[in-house]
Amino acid sequence: MEWPNKKNTRCIPKKEDFLSYTTDVISIVLSSISVLFLLITFLILGVFIKYRDTPIVRANNRSLSFLLLVSIKLSFLSVFLFLGRPGDITCRLRNITYGIAFSIAVSSLLAKTIMVYIAFKSTKPGSSWGKWMGVKLSKSVVLVFSSIQIIICITWLAISPPFQELDIHTYPGTIIIQCNEGSALGFYSVIGYMGLLAAVSFVLAFLARSLPDSFNEAKYI
């Protein structure tokens, strides 16, 4: 934790280095962007709440939209867990919080895409797809796909959780305070599952992009 001064007459503490809220430009930029988009999301959520009983909001699957906006807010807030001096608690929380929040957001998009596709299929005469229409299906999709991410995170924390690590070798005279992810498999499983959800959602939305204008939400997804 110490090294000699320039005259080699006594030991002095090494400088500590981490992403500070106040001194690092990248931290200030990331914080500002997160706060900006957090406020935008708050504004959109406020509009949805104000007009929650209108036909357009109700047709847009109101509860799913609220869940999507709240999970997006949590994703923006999780940025702050990556800034400041890391400790064992923040190391464990940051990837877990972001992974679960983002998975809920993408699962909500996936549920929206599935519901748009089913809504189109159910308009055809004699179609049996109509029985799948309803809030229960969309909630089940979000619950199942989010639960898988939660199970991955709990397993990661139980087997080999992230922890604070002091790097004293990279830069002489400097201690880099960082997070060691513990299990590399756990870390890449969380990241990989988010990528898988996003890919599945994108593929379904891509396949449904050519639906008629009344079902064009998939195109925007």
Side-chain angles (χ1 to χ4, degrees), residues 1-3 11-42 44-45 66-110 139 142-198:
M1 306 303 287
E2 298 179 333
W3 79 322
C11 291
I12 56 174
K14 289 183 177 180
K15 175 190 172 187
E16 292 184 346
D17 189 29
F18 53 87
L19 274 177
S20 171
Y21 282 105
T22 54
T23 56
D24 286 293
V25 176
I26 189 170
S27 296
I28 296 170
V29 171
L30 288 173
S31 300
S32 302
I33 292 173
S34 295
V35 169
L36 173 63
F37 282 102
L38 182 66
L39 293 174
I40 292 172
T41 312
F42 261 115
I44 295 170
L45 181 61
F66 289 156
L67 182 62
L68 174 60
L69 289 167
V70 169
S71 57
I72 289 173
K73 286 196 298 182
L74 290 175
S75 297
F76 285 129
L77 283 173
S78 66
V79 169
F80 295 99
L81 291 171
F82 290 81
L83 307 177
R85 182 190 176 97
D88 286 341
I89 300 299
T90 51
C91 285
R92 290 172 186 177
L93 282 178
R94 63 185 196 175
N95 285 318
I96 302 299
T97 304
Y98 176 70
I100 292 174
F102 193 76
S103 294
I104 293 172
V106 181
S107 297
S108 301
L109 280 179
L110 183 59
K139 287 182 177 178
V142 175
L143 183 62
V144 169
F145 286 105
S146 301
S147 296
I148 294 173
Q149 182 71 292
I150 292 170
I151 291 169
I152 293 172
C153 291
I154 291 173
T155 306
W156 180 18
L157 289 177
I159 295 174
S160 182
F163 57 90
Q164 185 197 67
E165 182 180 61
L166 303 179
D167 179 3
I168 60 175
H169 302 294
T170 303
Y171 296 104
T174 301
I175 301 172
I176 301 174
I177 305 174
Q178 60 189 15
C179 287
N180 185 310
E181 304 303 344
S183 169
L185 179 62
F187 173 74
Y188 288 115
S189 296
V190 170
I191 301 299
Y193 184 71
M194 288 192 290
L196 177 64
L197 275 182

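Predicted model, so just to flag it, every value in this text is computed and none were measured.
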- [ ] List the steps, then state whether side-chain contact (heavy atoms from CB on, under 4.5 Å) holds for Lys73 with Leu45.
- [x] CA-CA 10 Å; Lys73 286 196 298 182; Leu45 181 61; 3.3 Å; yes
TODO: Give the intermediate values and the outcome of side-chain contact (heavy atoms from CB on, under 4.5 Å) for residues Phe18 and Ile176.
DONE: CA-CA 6 Å; Phe18 53 87; Ile176 301 174; over 6 Å; no
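Without hydrogens or angle criteria, Gln164 side chain to Pro86 main chain gives a donor-acceptor distance under 3.5 Å. Between the side chain of Ser71 and the main chain of Leu68, a donor-acceptor pair closer than 3.5 Å is present. Here the side chain of Asp88 pairs no donor or acceptor atom with the backbone of Phe163 at under 3.5 angstrom.
For the atom pair Asp24 CG and Asp17 CG, the distance stands at 7.0 Å (nearest 0.5 Å). Leu19 CG to Ile177 CD1: the interatomic distance, rounded to the nearest 0.5 Å, is 11.5 Å. In this structure, the separation between CG on Leu38 and CG on Leu74 is 9.0 Å, given to the nearest 0.5 Å. To the nearest 0.5 Å, atoms CD1 (Ile100) and OG (Ser75) are separated by 11.0 Å. With rounding to the nearest 0.5 Å, the separation of CD1 in Ile154 from CD in Gln149 is 11.0 Å.
Between Leu197 and Ser103, the shortest heavy-atom contact is CD1-O, 3.8 Å. Minimum heavy-atom separation, Pro162 to Trp156: CG-CZ2, 3.6 Å. For the pair Ile175 and Met1, the tightest heavy-atom approach, listed with the atom from each and the gap, is CD1-CE, 3.6 Å.
For the side chain to side chain contact (heavy atoms under 4.5 Å, CB included) test, residues two or more places apart in sequence or in another chain that qualify with Leu67 are Ile104, Ser108, Val142. Contacts of Ile151 classified as side chain to side chain contact (heavy atoms under 4.5 Å, CB included), with partners at least two apart in sequence or in another chain: Thr155. Every residue two or more places apart in sequence or in another chain that forms a side-chain hydrogen bond (donor to acceptor under 3.5 Å, both in side chains) with Glu181 is listed here: Asn95. With sequence neighbours left out, the side-chain hydrogen bond (donor to acceptor under 3.5 Å, both in side chains) criterion links Asp167 to Thr170. With sequence neighbours excluded, the residues satisfying side chain to side chain contact (heavy atoms under 4.5 Å, CB included) with Ile40 are Leu36, Phe37, Ile44. Every residue two or more places apart in sequence or in another chain that forms a side chain to side chain contact (heavy atoms under 4.5 Å, CB included) with Ile89 is listed here: Leu93. With sequence neighbours left out, the side-chain hydrogen bond (donor to acceptor under 3.5 Å, both in side chains) criterion links Asn180 to Glu165. For Glu2, there are no side-chain hydrogen bond (donor to acceptor under 3.5 Å, both in side chains) partners at least two apart in sequence or on another chain. Every residue two or more places apart in sequence or in another chain that forms a salt bridge (charged side-chain N to carboxylate O under 4.0 Å, His left out) with Glu16 is listed here: Arg85. Here Cys179 pairs with Cys91 under the disulfide bond (SG atoms under 2.5 Å apart) rule; sequence neighbours left out.
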Do any side-chain atoms of residues 187-195 form donor-acceptor pairs under 3.5 angstrom with protein atoms, and if so which ones, sequence neighbours left out?
unit_1, atom_1, unit_2, atom_2, d
Ser189, OG, Leu185, O, 2.6
Tyr193, OH, Phe145, O, 2.7

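For residues 80-108, the pairs satisfying ring-ring contact (aromatic ring centres under 6.0 Å, His included) are Tyr98-Phe102, with sequence neighbours left out.
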